[in-house]
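Chain letters run A, B, ... following the sequence lines, proteins first and then strands; every chain starts at 1.
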Number of protein chains: 2
Amino acid sequence: MKYSKQRELILNTLKEHMVHPTADYIYKVLKKELPSISLATVYRNLNQLAENGVIKKIEGLDGSLHFDHNLTNHYHFICIKCNKVYDVPYDVAPDLADKVFSQTGLIIENYDISFKGVCPECHKKECN
Amino acid sequence: MKYSKQRELILNTLKEHMVHPTADYIYKVLKKELPSISLATVYRNLNQLAENGVIKKIEGLDGSLHFDHNLTNHYHFICIKCNKVYDVPYDVAPDLADKVFSQTGLIIENYDISFKGVCPECHKKECN
DNA sequence: CCATAAAGTGATAATCATTATCATTATTGT
DNA sequence: ACAATAATGATAATGATTATCACTTTATGG
């Protein structure tokens with residue numbers, strides 16, 4: 001993988017956003033900084049970074065793809081109102097892969113948990 | 001929701017398939033039995049059944065939508081080779097919603113776990 | 001430090017799954 | 001049986017992602 005300014009910017013943008021963005025969101029943000037950037041480049045680099053394990057893909061509620069640069073073990077909380085994706089710390093359910101293996105014999109390579117509910121931000125709005 | 005033969009057939013097809021199929025798969029199966037059925041009808045009814053809580057939607061590895069008629073609490077195992085979706089019993093991780101609430105304060109409405117790995121069937125094939 | 005090969009880019013066309021539209025048909029309660 | 005309403009089938013539209021391709025940037029080795 002060769003260096004490219006575009007890839008660096010894409011990764012930086014991802015790191016700056018706690019709420020894991022979609023490809024299109026990153027594209028719109030970067031367009032301001034580097035107006036010549038192409039949506040195809042954003043998709044290409046996000047996929048490449050995900051393949052190389054630098055970032056991770058997350059499936060949103062509506063089937064949309066989000067990206068996450070946080071490589072430590074953790075789960076996700078997806079707001080059913082605004083579709084934003086938040087992190088949930090790993091220790092709410094440690095060692096799940098081992099438990100599944102001992103109960104089913106299935107060998108788990110990895111797994112995701114998506115919790116769903118209304119995020120604090122949207123909850124506030126509802127109470128107005 | 002009015003009765004329709006198409007909806008009944010769609011639900012039956014779903015129940016007969018342990019490995020949760022996609023809309024397109026159900027369409028192809030039903031086409032043999034009821035050649036006049038439309039793909040749009042399959043999508044319409046699956047979405048409607050899911051909205052009414054009769055079935056559930058599952059996100060596949062590749063972003064594809066699968067459907068599941070099993071309403072009891074359980075998780076899913078998705079094969080990274082063949083993309084088939086299997087069930088994993090609930091008791092490998094009971095009461096997760098409560099744990100998340102006590103550790104984060106987030107109110108969980110529901111959640112899914114997708115375990116990923118190579119299914120026994122594909123594992124056999126690899127060993128030939 | 002230039003030449004060359006390999007990888008990356010931007011623009012746009014193509015793809016593919018899912019949804020929307022709409023005229024027609026089936027189901028339901030009275 | 002009849003009006004009201006929901007469902008269907010065919011097809012067009014949508015929207016997100018991927019492929020293509022001519023051109024540019026990056027890395028490297030003499």
For Val100(A), is there any backbone N or O sitting under 3.5 Å from a side-chain donor or acceptor partner on Thr104(A)?
yes

Can you name the closest pair of heavy atoms from Leu46(A) and Ile10(A) and give their distance?
CD2-CG2, 3.8 Å

Examine dA7(C): is either OP1 or OP2 under 4.0 Å from a nitrogen or oxygen in the side chain of Gln48(A)? Give yes or no.
no

Partner set under ring-ring contact (aromatic ring centres under 6.0 Å, His included) for Phe115(B), not counting sequence neighbours:
Tyr111(A)

If every non-hydrogen atom of His74(A) is compared with every non-hydrogen atom of Val88(A), which pair is closest and at what distance?
CB-O, 3.4 Å

For a side chain to side chain contact (heavy atoms under 4.5 Å, CB included) check, start with the C-alpha distance between Phe101(B) and Ile107(B), then their side-chain angles and the critical distance, and finish with the verdict.
CA-CA 6 Å; Phe101(B) 177 72; Ile107(B) 297 160; 4.1 Å; yes

Is the distance between the ring centroids of His20(A) and Tyr86(A) less than 6.0 Å?
no

Between His66(A) and His76(A), is the ring centroid distance below 6.0 Å?
no

Counting only side-chain heavy atoms from C-beta out, which of dG10(C), dT8(D), dA16(D) sits nearest to Thr41(A)?
dG10(C)

Rounded to whole angstrom units, what separation is found between the CG atom of Leu46(A) and the P atom of dA16(D)?
15 Å

Which nucleotides of nucleotides 20-30 of chain D have their base under 4.0 Å from a protein heavy atom (B), which only their sugar-phosphate (S), and which neither (-), written as one string 5' to 3'?
B-----BS---

Atom CD of Glu8(B) and atom C1' of dA26(C) are separated, to the nearest Å, by 15 Å

Given atom NZ of Lys57(B) and atom C1' of dT19(C), what is their separation to the nearest angstrom?
11 Å

Rounded to the nearest angstrom, tell me the gap between atom OH in Tyr43(A) and atom C1' in dT9(C).
17 Å

Neighbours of DNA chain D within residues 20-37 of chain B, by heavy-atom distance under 4.0 Å
Ser36(B), Ile37(B)

What is the distance, to the nearest angstrom, from the NE2 atom on His66(A) to the P atom on dA16(D)?
11 Å

Mind running side chain to side chain contact (heavy atoms under 4.5 Å, CB included) on Arg44(B) and Gln6(B) for me, showing each step along the way?
CA-CA 11 Å; Arg44(B) 228 181 345 232; Gln6(B) 286 85 345; over 6 Å; no

Whole Å only: how far is the CZ atom of Arg7(A) from the P atom of dA6(C)?
18 Å

Closest approach of Ile26(B) to Leu14(B) (non-hydrogen atoms, all atoms of both residues)
CD1-CD1, 3.8 Å

Whole Å only: how far is the CG atom of Leu65(A) from the P atom of dT18(D)?
7 Å

Does a side-chain N or O of Asn47(A) approach OP1 or OP2 of dT17(D) to a distance below 4.0 Å, or not?
no

Using OP1 and OP2 only, check whether a side-chain N or O of Gln6(A) sits under 4.0 Å from dG10(C).
yes

Euclidean distance, atom CG of residue Asn52(A) to atom P of dG8(C) [Å, nearest integer]:
10 Å

Among dT8(D), dT9(C), dT18(C), find the nucleotide with the atom closest to the side chain of Asn45(A).
dT9(C)

